[in-house]
Amino acid sequence: MAKVFSAEEVAKHNTAESCWVVLHGAVYDVTEFLPSHPGGSRIILQLAGRDATAEFDPIHPPGTLEDNLPPTAKLGIVDPESLKKLQRQSNTANPSQEAARPPPPLHHLLNLDEIEAVAKTQVSKKCWAYYFSAADDLISKTYNNTVYRSILLRPRVFVDVTKADTTTSILGGAFKLATPLYVSPAAMARLAHPDGEAGIAKGISRFGAMQLVSHNASMSPEQIVADAKPDQIFGWQLYVQNARAKSEAMLARIAKLPQYKCIVLTLDAPVPSKREHDEKAALEAELLIEASKSEEEKEKAKKRPDSNSGVGQQLFFGTAADLTWDTTLPWLAKHTKLPIVLKGIQTHEDVYLAAQYAKKHPGTVKAVILSNHGGRSLDTAPPAVHTLLECKKYCPEVFDIIEIWVDGGIRRGTDVVKALCLGAKAVGVGRAALYGLGAGGWKGVERTFEILQGEIQTCMKMMGAKDISELGPRFINSRMVERDIFDGGAGLDRTGLWTSRAAKL
């Protein structure tokens, strides 16, 4: 029979030397786990001696406790009456926001800006800060979208556009999609709504869209695809870990799930970036928790070694920064038979290298995603549109070797069509899916894709394009953007595999 602890006994264990927490009514001793916690020890110590369920659940997939704690860490259960006391303490430390106003009916929301505005009123401050945040001054995040406004459309007339077919195929024609619109890896979906990543899958299912699942998903890979339609396509994002065995174990796990059709190796975030909205929200939460503590507890807190950080910083703990063309891709090919997609390419030189690698190693790299991580990694990094235009100018042959996908800044169906006209094979949205969840769970995601898919089809009909294959550069005028792209020459070694990374003056 499980041992029963009182709230008072649990509350005594609130230091780095003896740290207990309550999760779902069970009492855990996490003292030994503190040094290895991916988010650092301080985030746990802030909740030491308390009920941490509300903080734990939205950002940890099922099985996290079992995977990281020995059975002996579970000490027993907390007395139900004492649990109520702990919950009151937790509520005092983390006061809830004012009750959110009921959201308007989803069909009243006509564009992604309106969905985002509603989501902001429904989710927690912590959630909003994490989703909205981007690196430094948010310049890349903003420009990702505004750059599309500088590309003009060139409609043709006297074309029968009774129908507009958005069907396409990816990964060398291996998989058919009903739309080129896909969901980019978007972490911590359950922060927005309990439906989580499975809700995103359900919301996009009737559109025949692909979902790339985040390495930092708040649900397990199995949960996310459990109720998916038989023909639904998923990809799994991989952040290579310093402890390679962890990455290898996850790749083996994904290999057992036939719904996952590719591995998306993310390259544009080798280290955590500075996301001030996210970090500020964490600091404010820390102040609230510290204010509820005794003077003795505050003194102990001052001695804790690690600094506070936002959700984004916590998620990057353990991510490898030593990836190279020579070592990482051969290692990955050894541990997966799935097609590899390289995410986070931001220059034509690296697209060219990826294409050369694909030629030399058939069956490995099948696509690249031009992306600056939604502006969340390096501020003032170029938008995907710039890199697309660089490729067309300096190495157009790459479009015949590998597929080029893009993400970042998509707010309208016209943005999707413009990217397709520039040579993109597929176009992704990340925050939009999360905001849809926040606005209305899986139905909010469905409404998001309903809006975008409708705008894509309307745009194609207005331009005189009957299907995706007809889209091309003559449907757009990108001159205003072309003048701003990199103008330092191709810098490519076309005689061999690798290009010199040295700057050429």
Side-chain angles (χ1 to χ4, degrees), residues 21-24 38-40 42-47 50-62 64 86-104 106 109 112-134 138 141 186-200 203 214 216-219 275-292 308-316 374 376 430-445 448:
V21 293
V22 174
L23 294 169
H24 298 289
R42 187 162 188 169
I43 192 169
I44 299 178
L45 288 167
Q46 287 175 1
L47 298 167
R50 302 166 184 262
D51 185 357
T53 305
E55 289 284 335
F56 178 89
D57 266 2
I59 59 175
H60 294 89
T64 300
L86 279 176
Q87 288 171 335
R88 286 195 296 270
Q89 291 174 345
S90 180
N91 290 337
T92 301
N94 298 282
S96 60
Q97 296 173 306
E98 293 182 13
R101 288 179 297 174
L106 289 171
L109 306 180
L112 268 60
D113 288 339
E114 292 183 355
I115 288 177
E116 179 179 338
V118 171
K120 186 176 182 180
T121 69
Q122 302 300 306
V123 302
S124 69
K125 188 172 183 178
K126 173 182 178 179
C127 172
W128 180 256
Y130 174 61
Y131 290 171
F132 179 83
S133 64
L138 283 65
K141 178 190 176 185
M188 299 292 106
R190 287 175 66 217
L191 278 177
H193 194 277
D195 287 350
E197 288 81 7
I200 293 177
S214 172
N216 293 310
S218 55
M219 302 178 75
R275 303 177 190 173
E276 294 176 10
H277 287 84
D278 188 27
E279 292 181 30
K280 184 67 72 174
L283 290 169
E284 291 174 357
E286 178 189 9
L287 285 175
L288 290 171
I289 293 173
E290 293 299 318
S292 70
N308 194 68
S309 60
V311 175
Q313 292 267 347
Q314 298 163 24
L315 295 180
F316 276 95
R376 292 163 77 85
R431 288 185 181 93
L434 296 173
Y435 292 150
L437 266 184
W442 74 266
K443 291 185 178 180
V445 179
T448 300

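Predicted model, so just to flag it, every value in this text is computed and none were measured.
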Next item on the list: Test side-chain contact (heavy atoms from CB on, under 4.5 Å) on W128 and E116 and set out the steps.
Entry: CA-CA 10 Å; W128 180 256; E116 179 179 338; 3.5 Å; yes
Notebook entry, point to check: Side chains of S218 and E197: does their closest heavy-atom pair fall under 4.5 Å?
Noted result: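 Touching, per the 4.5 Å side-chain cut-off.
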Notebook entry, point to check: So do F132 and K120 actually touch side chain to side chain, heavy atoms under 4.5 Å?
Noted result: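 No. Closest side-chain heavy atoms not under 4.5 Å.
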Checklist line | T53 versus D51, side-chain donor and acceptor atoms under 3.5 Å | finding: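 D51 vs T53: donor-acceptor pair found between side chains.
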Notebook entry, point to check: Cationic tip of R50 within the cone over F56's six-membered ring, i.e. under 6.0 Å and within 45° of the normal?
Noted result: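 No, a cation-pi geometry is absent between R50 and F56.
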Item checked: Residues which pass side-chain contact (heavy atoms from CB on, under 4.5 Å) with P104, listed by chain and number, not counting sequence neighbours ->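 Per chain and number, P104 pairs via side-chain contact (heavy atoms from CB on, under 4.5 Å) with L109, V118.
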Next item on the list: State which residues pass side-chain contact (heavy atoms from CB on, under 4.5 Å) with A186; sequence neighbours excluded, sorted by chain then number.
Entry: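 Testing A186 for side-chain contact (heavy atoms from CB on, under 4.5 Å), a comparison that skips the adjacent residues, returns L434.
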Value rounded to 0.5 Å, distance of [atom1] in [X] from [atom2] in [Y]:
X	Y	atom1	atom2	answer
R431	T448	CZ	OG1	14.5 Å
L191	Y131	CG	OH	5.0 Å
Q122	C127	CD	SG	11.0 Å
E55	K126	CD	NZ	4.0 Å
M219	I200	CE	CD1	10.0 Å

Checklist line | S133 backbone acceptor or donor facing K141 side chain under 3.5 Å | finding: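 Between the backbone of S133 and the side chain of K141 there is no qualifying donor-acceptor contact (under 3.5 Å).
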Donor-acceptor contacts, no H, no angles, side chain residues 436-445, under 3.5 Å, sequence neighbours left out:
none

